[in-house]
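Have a look at the structure below before the remarks.
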Amino acid sequence: MEHINFLAFAMPAFFLFLFIEFKIAQRKKRPEIFNYESSVSNISIGIAERLINLFKAASFYQSYYFIYNNYRIFDIPSNFFVWSALILATDFVWYWYHRLGHEVNFFWAAHIVHHHSEEFNFTAAARITTFQAVIRTGFWCVLPFVGFHPTMVITMLIVHGAYSFFTHTQLIGKIKWLEYVFVTPSVHGVHHASDEKYLDKNYGDMFTFWDRLFGTFQTEEEKPKYGLTHPLKSYSFLWQHFHYYFEIYELMKRSTHFKEKWKAVFGSPAHMDQDIRPLLEKRFLQDKANPNQRLRFKNYLYIQLGISTFLLTVFTYYFEFLNGFDKVFVLSIILITLINCGALLEQRKWIYYLEYARIYMIAVYFLYEENLITFFFIPLGIMIFAEQLFSLGKRYQNVVLQLESSD
């Protein structure tokens, strides 16, 4: 479990580098690099991925050991040349995992979340879902199957993850001589662009020669426009995670033959009916009377993200010492908080009831810890009484859901 304890410091390190990037952007007078709503959304998704993967990390690593111990083809030793080969092999597997993630609907449904953001900075690097992590692990199982020891594989994946984090920034310009071998922020920025000439390019994680070899390399020419060709019209935490699965399901419903249904799942995203997403957005998302309004009380979101980050850091460090009830409680509290943050950005009034649910869960947790669970109805009664007496819902909306013009 040492790798999990080590990962406890991943989120604080992330925020440290994010703070440095933000300050440099301010000094260079480039405020367009950061967008408040998008950054909050990006960070929320990153926290959720780190949180849920705590419950799956052990199974990820165990799968590497299981395949290595039972099915490896070769006994590959550990030396300098093997480590060098592993770097190349890991990036080669990444290239095809990443490319298929853009060319197959089922894989794109997990990967599309990484491309929602219309800003390109360190927060965009955090936009990875646990679905993507599961699929990625399946591809990486090829490495222990060939014969690379799981410890080497895990170490190399950490190196790759750290490297790719630093390629998500606009503060480093083109370094043309370096791009002949390595992926730079400029090279990866092209991958995140929605411009037609940049689509489906630059899949490599560390090296550019796979893209050059397979004809998918594109150098940055005009400044990229980041995000999707058809931008998502929501910051909802849940909608961002699941909208493309709904789109696939809708396409399957429209299909009459098995071959068409198969293509809906395993066909190309380029063939997705473009009227599906607007239809689903109209069905599931609220219409905004004024799209140029945003929350005035931003500090409330910052507080929630800060608390979630702190809880995740402590939770990660002590994960192996906690019992099942504690783990489920922390998981639920953080996920509800992240859903809350997305709902705040959407100005959803039902979040007030989500606040009540969170408070009630905390109260019940402490009653359980003190062996007083039989009194679970007391905090519920207090909340109902307080709501009736002080009209807290109306006060909450007046304070937390205040709006200001973003023009």
Side-chain angles (χ1 to χ4, degrees), residues 1-11 13-14 46 49-101 107 110-111 114 125-126 128-168 181-183 188 203-211 213-214 312-313 315-322 327:
M1 301 295 284
E2 291 180 2
H3 52 273
I4 294 181
N5 288 335
F6 171 78
L7 289 175
F9 302 97
M11 289 304 294
F14 164 76
E49 188 267 342
R50 286 287 89 216
L51 172 68
I52 297 175
N53 278 3
L54 279 176
F55 293 83
K56 296 184 176 181
S59 61
F60 290 166
Y61 301 135
Q62 287 169 6
S63 65
Y64 297 150
Y65 279 98
F66 177 79
I67 292 172
Y68 179 82
N69 291 331
N70 295 281
Y71 300 105
R72 69 180 181 271
I73 299 174
F74 305 106
D75 287 309
I76 300 178
S78 175
N79 56 52
F80 173 79
F81 297 104
V82 170
W83 278 99
S84 300
L86 180 56
I87 293 176
L88 298 176
T90 305
D91 204 61
F92 182 73
V93 173
W94 173 278
Y95 173 87
W96 285 107
Y97 144 74
H98 199 179
R99 182 168 177 172
L100 290 173
F107 295 144
H111 186 58
H114 186 63
I128 300 174
T129 69
T130 192
F131 308 122
Q132 185 175 341
V134 170
I135 293 172
R136 202 161 55 183
T137 300
F139 278 85
W140 281 331
C141 283
V142 171
L143 299 172
F145 177 72
V146 171
F148 291 105
H149 194 278
T151 302
M152 297 176 65
V153 173
I154 294 167
T155 302
M156 192 52 61
L157 295 181
I158 292 173
V159 171
H160 267 260
Y163 184 90
S164 62
F165 171 79
F166 291 103
T167 61
H168 290 79
V181 178
F182 291 103
V183 173
H188 195 61
Y203 295 114
D205 191 41
M206 291 184 70
F207 303 108
T208 60
F209 36 73
W210 306 123
D211 286 290
L213 179 64
F214 297 112
L312 176 59
T313 301
F315 186 52
T316 304
Y317 193 81
Y318 291 104
F319 186 80
E320 61 182 305
F321 304 108
L322 300 176
K327 290 177 180 178

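FYI, the numbering just counts along the sequence from 1.
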For this session: Kindly compute the distance separating OH (Y65) from CZ (R72), expressed to the nearest 0.5 Å.
Result: 12.0 Å
Exercise. Below 4.5 Å, heavy atoms only, C-beta onward: do L88 and F209 meet side chain to side chain?
Worked result: yes
Exercise. Can you check side chain to side chain contact (heavy atoms under 4.5 Å, CB included) on T316 and R50, steps first, answer last?
Worked result: CA-CA 9 Å; T316 304; R50 286 287 89 216; over 6 Å; no
Exercise. Rounded to the nearest 0.5 Å, how far apart are CG of L86 and CE of M152?
Worked result: 5.0 Å
Exercise. Relative to the ring of H114, is the ring of H188 parallel (under 30°), tilted (30 to 60°) or perpendicular (over 60°)?
Worked result: tilted
For this session: Kindly indicate whether the side chain of M156, heavy atoms from C-beta on, has any atom under 4.5 Å from the side chain of F148.
Result: no
For this session: Grab the two heavy atoms, one from I135 and one from A110, that are nearest each other, plus how far apart they are.
Result: CD1-CB, 3.7 Å
Problem set entry | Flag side-chain contact, heavy atom, 4.5 Å: L157 against Y64 | yes
Seminar exercise, completed: Value for CZ (F92) from CG (L213), rounded to nearest 0.5 Å, stands at 8.0 Å
For this session: For N53 and K56, indicate whether the former's side chain and the latter's backbone hold a donor-acceptor pair under 3.5 Å.
Result: no
Exercise. About how many Å separate CG of N69 and NE2 of H149, when rounded to the nearest 0.5 Å?
Worked result: 7.5 Å
Exercise. V183 versus D211: any side-chain heavy-atom pair under 4.5 Å?
Worked result: no
Exercise. Heavy-atom distance under 4.5 Å between the side chains of F55 and F319, does that happen here?
Worked result: yes
Exercise. Between F207 and F182, what is the ring plane arrangement, given parallel below 30°, perpendicular above 60°, and tilted in between?
Worked result: tilted
For this session: Could you check if a side-chain atom of Y61 sits within less than 4.5 angstrom of a side-chain atom of T151, using non-hydrogen atoms only?
Result: no
Exercise. With distance as the sole test, does D205 use its side chain to make a donor-acceptor pair with the main-chain N or O of D91 at under 3.5 Å?
Worked result: no
For this session: Look at the aromatic rings of Y97 and W140 and report parallel, tilted or perpendicular, splitting at 30° and 60°.
Result: tilted
Exercise. How far does CG of L322 sit from CD of E320, to the nearest 0.5 angstrom?
Worked result: 9.5 Å
Exercise. Between Y95 and Y203, is the ring centre distance below 6.0 Å?
Worked result: yes
Problem set entry | I67 CD1 to Q62 CD distance, which is reported to the nearest 0.5 Å | 12.0 Å
Exercise. Should F14 and F165 be marked as a side chain to side chain contact (heavy atoms under 4.5 Å, CB included) after you check the CA-CA gap, both sets of side-chain angles, and the distance that decides it?
Worked result: CA-CA 9 Å; F14 164 76; F165 171 79; 3.4 Å; yes
Exercise. Between T130 and A133, is there a donor-acceptor pair closer than 3.5 Å when you use the side chain of the first and the backbone of the second?
Worked result: no
For this session: Taking the six-membered ring of F139 (Phe, Tyr or Trp), confirm whether the NZ or CZ of R136 is under 6.0 Å from its centre and within 45° of its axis.
Result: no
Problem set entry | Atom of P150, atom of Y68 and distance for their closest heavy-atom approach | CD-CG, 3.5 Å
Exercise. So do F60 and I154 actually touch side chain to side chain, heavy atoms under 4.5 Å?
Worked result: no
Exercise. OH of Y71: more than 12 outside heavy atoms within 6.0 angstrom?
Worked result: no
Exercise. Angle class for the H98/H111 ring planes (parallel below 30°, perpendicular above 60°, tilted otherwise)?
Worked result: perpendicular
For this session: Please name the pair of heavy atoms, one in V82 and one in P77, separated by the smallest distance, quoted to 0.1 Å.
Result: CG1-O, 3.1 Å
